[in-house]
Amino acid sequence: MMMIRTNSLLHHAFFKLTGILITNSLTTTTLSSSVLGLEFSPHSTSSLASLLHSTSFSNNGDRPLSRYQKVTSLDHAFNLFDEMILRKPLPSVIKFNQLLSALTKMNHFSSCLHLFKQMYVVRVPVDAYSMNIAIKCCCQISRTNDGFALLGCCFRRAVVPNVITFSTLLDGLIREDRILEAERLFKKLIKHRLCEPNVVTYNTMIKGLCKFGNNDIAIGLLRLMDERGCRPDVVAYSTIIDSLCKDKMMDDAFNLFKEMVFHKAIQPNVITYTSLIHGLCNLCRWDEVAKLLKEMEEDARISPNFQTFSILVDAFCKEGRVDEAEAVIDIMVERGEVPNIVTYSSLVDGYSLRGEMTKARTLFDSLTSKGLVPNVVTYNSLLNGYCKSFKVEEAMHLFHDITRKGLKPDIVSYSTMLQGLFRVGRCGAARKLFNEMRSQGLIPDECTYRIILDGLCNNHKVEEALSLFHLVGDSKLNSDIVVYTILIEGAGKCGKLDIAKTLFHDLTVKGLQPDVRTYAVMISGLCREGLLTEAKHLFCKRDESGCPPNSVTYNVFLQGYLKNQNCDDVEMLLQEMDRRSYSLDASTLSLLIDQISAGSVDRSMLKLIGKLVPKELMDTLESCLDYNLFKQMWEA
DNA sequence: ATAGGGTTAG
């Protein structure tokens, strides 16, 4: 019921979204008639004001571009440059700078650096602008050290570096994850008065702190800049808000958002909203997503952009809601945005997750005709779909296609294939592929490790899994509750309960917190050996330990009772499940049906069971029970 | 009247 409600809310938001997108595009044309004495709500008055403001502003900004700024290709730029250096006298440095700048806007950083060097050769007197552009290019191609070398040139050439120079270098260090050096440079700027940091310098440093998980220090810097007389702007706030959203700390993100809007009167923009929407999507908080979209839509100054749509498309696909994703793509297209390979990769992923491989493949094959080139991520989605549908041969084929298309399979491609091979029991092929992966210089990550352990356990090779686990030893890979859960489940399933118990004990020693799944597999292992009392003890302890119970644990526990032909607590458990609105899963239900058929379940319990059967299992229930019994359950 | 900062993929 919940899902339906949020669904329709989101549909509603999209419907309204479509409306506002059209309204927004009409605003400029209807403006003149609005000005001619038609009514305004206070809201539209203010948006009109801002519109007028931005119109007069853009008249300044719309100054025709010089021919040096208008270059459209590398060739064009090089030809123009060659022509420029032949002219006598040489064109002013500004014209050269415009050309360099145009190249950086097209992401041609190396070529830009090449022309910059040529300027030295033909003795165009470079200035701080040219220097800053060149330093920016170095930083963008991960050669920040070369950027610092250019800074040295500044001093020799009597070009004075300014706050932009240092902000650019700071950004370069952060791009290369050299956070300590970035902090050192930042402090040096202030201490040696190399320049007074401005809002961009602070924002860059804030980004670096956030990148390394120091949200609190970033917020500290936000306060500090304010104290030092540099007013934080929407970028400063949005950077931290985004980081908090990525860490799933939505409450903190919204608090900062409110502070920005209500206390600092800083207008949020599309990026601020997109970050918040992304964070909510990751947590499947759809009703709040709809609320934010609506809020955005109500503010005429802000409308969703390409990124906003891409995030929504991806989020819907990950939930398997491909229809809604397609609806968003339609809205995108209506707005004149062109979906790119990322957008369609999400869609391939969505179909694959639903196991709709024909649709996934058709879409994948149609990408080329759309002028889009599938990348490794696109391939990985399709690989995953084939593997999950047990079509490992198809997956293998596609896997080899990756190399044939001149791409390199990455750690995700290999991990996905490994999982697929283990799923169909091809452990030997998995081992071979693992060795191939290593020979390609790819280092298995925690995901690969989990897949291998899980694969071994599910193929009756628990000993191998355990020896791998011991081989890995005290590494970070083993400080992972999921790893322990996999091994506990594996050990439990093959009757090695003593090992399961040891592992369960060890994880707490290591300071790891068992999660709902860990408890479930441990309870299941105990029940399998008929140790219901011990299982019950753990079940209650888990309830106390602040680890909230979920539907899975109840099902596992119920199965334990039913498999042991013990119906003592079954009714009590069913009642608790009903109170918490949990439902029965397929295997628990089938065990219950056995008991009902055998006549060992009290008739009074039938109605309760009926309430706990989810819609999708109704058919199972109906076909398993004789009609009269079924009627009793539903009409009681 | 040419240079620097924040949002997209397993």
Side-chain angles (χ1 to χ4, degrees), chain A residues 60-61 63 65-66 68-69 92-102 104-105 126-137 139-140 161-172 174-175 195 197-208 210-211 232-243 245-246 268-279 281 304-315 317-318 339-349 352-353 374-384 410-416 419 445 447-448 451:
Chain A
N60 273 333
R63 187 180 292 107
L65 294 178
S66 76
Y68 310 98
Q69 295 164 309
S92 75
V93 65
I94 293 175
K95 295 190 170 65
F96 281 99
N97 291 344
Q98 287 176 332
L99 181 60
L100 294 185
S101 172
T104 63
K105 289 198 173 76
V126 302
D127 64 0
Y129 284 75
S130 352
M131 270 300 179
N132 287 342
I133 295 171
I135 290 174
K136 158 99 176 159
C137 288
C139 293
Q140 289 284 338
N162 55 25
V163 63
I164 297 176
T165 323
F166 291 112
S167 299
T168 310
L169 286 165
L170 190 68
D171 191 56
I174 289 163
R175 279 171 183 279
C195 69
N198 65 14
V199 66
V200 177
T201 328
Y202 280 109
N203 288 349
T204 306
M205 196 63 232
I206 285 175
K207 176 184 74 175
C210 288
K211 192 174 175 188
D233 62 3
V234 64
V235 177
Y237 276 96
S238 298
T239 306
I240 304 177
I241 288 172
D242 183 65
S243 178
C245 288
K246 291 204 166 95
N269 62 21
V270 60
I271 298 180
T272 328
Y273 274 104
T274 302
S275 289
L276 288 167
I277 288 172
H278 194 190
C281 283
N305 65 12
F306 184 83
Q307 256 101 328
T308 324
F309 289 123
S310 297
I311 286 167
L312 290 167
V313 168
D314 193 57
C317 288
K318 288 212 163 47
N340 66 9
I341 188 65
V342 178
T343 328
Y344 285 109
S345 294
S346 296
L347 214 50
V348 171
D349 201 44
S352 294
L353 288 174
N375 57 31
V376 178
V377 178
T378 329
Y379 274 97
N380 288 346
S381 290
L382 202 56
L383 275 182
N384 188 39
D410 63 7
I411 188 70
V412 181
S413 327
Y414 276 100
S415 301
T416 308
Q419 196 170 32
D445 63 9
C447 214
T448 328
I451 286 168

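All values derive from a computational prediction rather than experimental measurement. Quick note on labels: first sequence line is chain A, next is B, and so on, each numbered from 1.
One can place OH of Y129(A) at 9 Å from P of dT2(B), the figure rounded to the nearest angstrom. Nucleotide dG4(B) holds its C1' atom 7 Å from the CG atom of N132(A), rounded to whole Å. One atom, CZ of R175(A), and another, P of dG4(B), lie 11 Å apart when rounded to the nearest Å. In this entry the distance linking CG of D410(A) with C1' of dA9(B) reads 11 Å, nearest Å. Rounded to whole angstrom, the span from the CG atom of D314(A) across to the P atom of dA9(B) amounts to 6 Å. Computed from coordinates, the D127(A) CG to dT2(B) C1' distance equals 8 Å when rounded to whole Å. Rounded to whole Å, atom P of dG4(B) lies 9 Å from atom CD of Q140(A). To the nearest angstrom, C1' of dT7(B) lies 5 Å from CD1 of I271(A).
Taking side-chain N and O atoms only, H278(A) has a distance below 4.0 Å to OP1 or OP2 of dA9(B). Remark: K318(A) is in phosphate contact with dG10(B), judged by side-chain N or O atoms under 4.0 Å from OP1 or OP2. For dA3(B), the OP1/OP2 oxygens have a side-chain nitrogen or oxygen of K105(A) closer than 4.0 Å. The phosphate of dA3(B) (OP1 or OP2) has no side-chain N or O of K136(A) nearer than 4.0 angstrom.
Using a 4.0 Å heavy-atom distance criterion, T239(A) is classed as a sugar-phosphate-only contact. In this structure, K246(A) reaches the sugar-phosphate backbone alone: every heavy-atom distance under 4.0 Å involves primed, P, OP1 or OP2 atoms, never a base. Contacts of T343(A) with the nucleic acid, taken as non-hydrogen atoms under 4.0 Å apart, are absent. Residue Q307(A) is classed as a base contact, given a heavy-atom separation below 4.0 Å to a base. Residue-level contact check: T168(A) touches the backbone only, with heavy atoms under 4.0 Å from sugar-phosphate atoms and none from bases. Nucleic acid contact class of N269(A) (heavy atoms, under 4.0 Å, all strands): base. Within the nucleic acid shown, Y237(A) has no heavy atom closer than 4.0 Å to any nucleic acid atom. Among the atoms of the strands shown, none is found under 4.0 Å from any heavy atom of S345(A). Within the nucleic acid shown, I311(A) comes within 4.0 Å of sugar-phosphate atoms alone, with no base atom in reach, counting heavy atoms only. No contact: V313(A) has no heavy atom under 4.0 Å from any strand.
Ionic pairing of D171(A) and K207(A) is present here: one or more N-O contacts between side-chain nitrogen and carboxylate oxygen are shorter than 4.0 angstrom.
Considering only residues two or more places apart in sequence or on other chains, D242(A) meets the salt bridge (Lys or Arg N to Asp or Glu O under 4.0 Å) condition with K246(A). Partners of K211(A) according to the salt bridge (Lys or Arg N to Asp or Glu O under 4.0 Å) rule, which considers only residues two or more places apart in sequence or in another chain, are D177(A).
The main-chain N or O of S381(A) is found under 3.5 Å from a side-chain atom of S352(A) such that the two form a donor-acceptor pair. Without hydrogens or angle criteria, S346(A) side chain to V342(A) main chain gives a donor-acceptor distance under 3.5 Å. Under the 3.5 Å distance criterion, the side-chain polar atoms of Q69(A) are matched with a main-chain donor or acceptor of S66(A).
If you check dG10(B), dT2(B), dA9(B) against the side chain of V342(A), the one that comes closest is dA9(B). For V412(A), counting side-chain heavy atoms from C-beta on, the closest listed nucleotide (dG10(B), dG6(B), dT2(B)) is dG10(B). Of the candidates dT8(B), dG10(B), dG4(B), the closest approach to any side-chain atom of S310(A) belongs to dT8(B). Comparing dA3(B), dG10(B), dT8(B) by their closest approach to the side chain of I133(A) singles out dA3(B).
At a cut-off of 3.5 angstrom, the base of dA3(B) holds at least one donor-acceptor pair with the side chain of N162(A). Judged by distance alone with a 3.5 Å cut-off, no donor-acceptor contact links the side chain of N380(A) to the base of dA9(B). For S275(A) against dT7(B), no side-chain N or O and base N or O form a donor-acceptor pair under 3.5 Å. For dG6(B), the base has a donor-acceptor partner in the side chain of S238(A) [N/O atoms by modelled type, under 3.5 angstrom]. For N198(A) and dG4(B), a side-chain-to-base donor-acceptor distance below 3.5 Å is present, hydrogens and geometry of angles not being considered.
Within the model, atoms CG of N305(A) and CG of N269(A) stand 9.5 Å from one another, a figure rounded to the nearest 0.5 Å.
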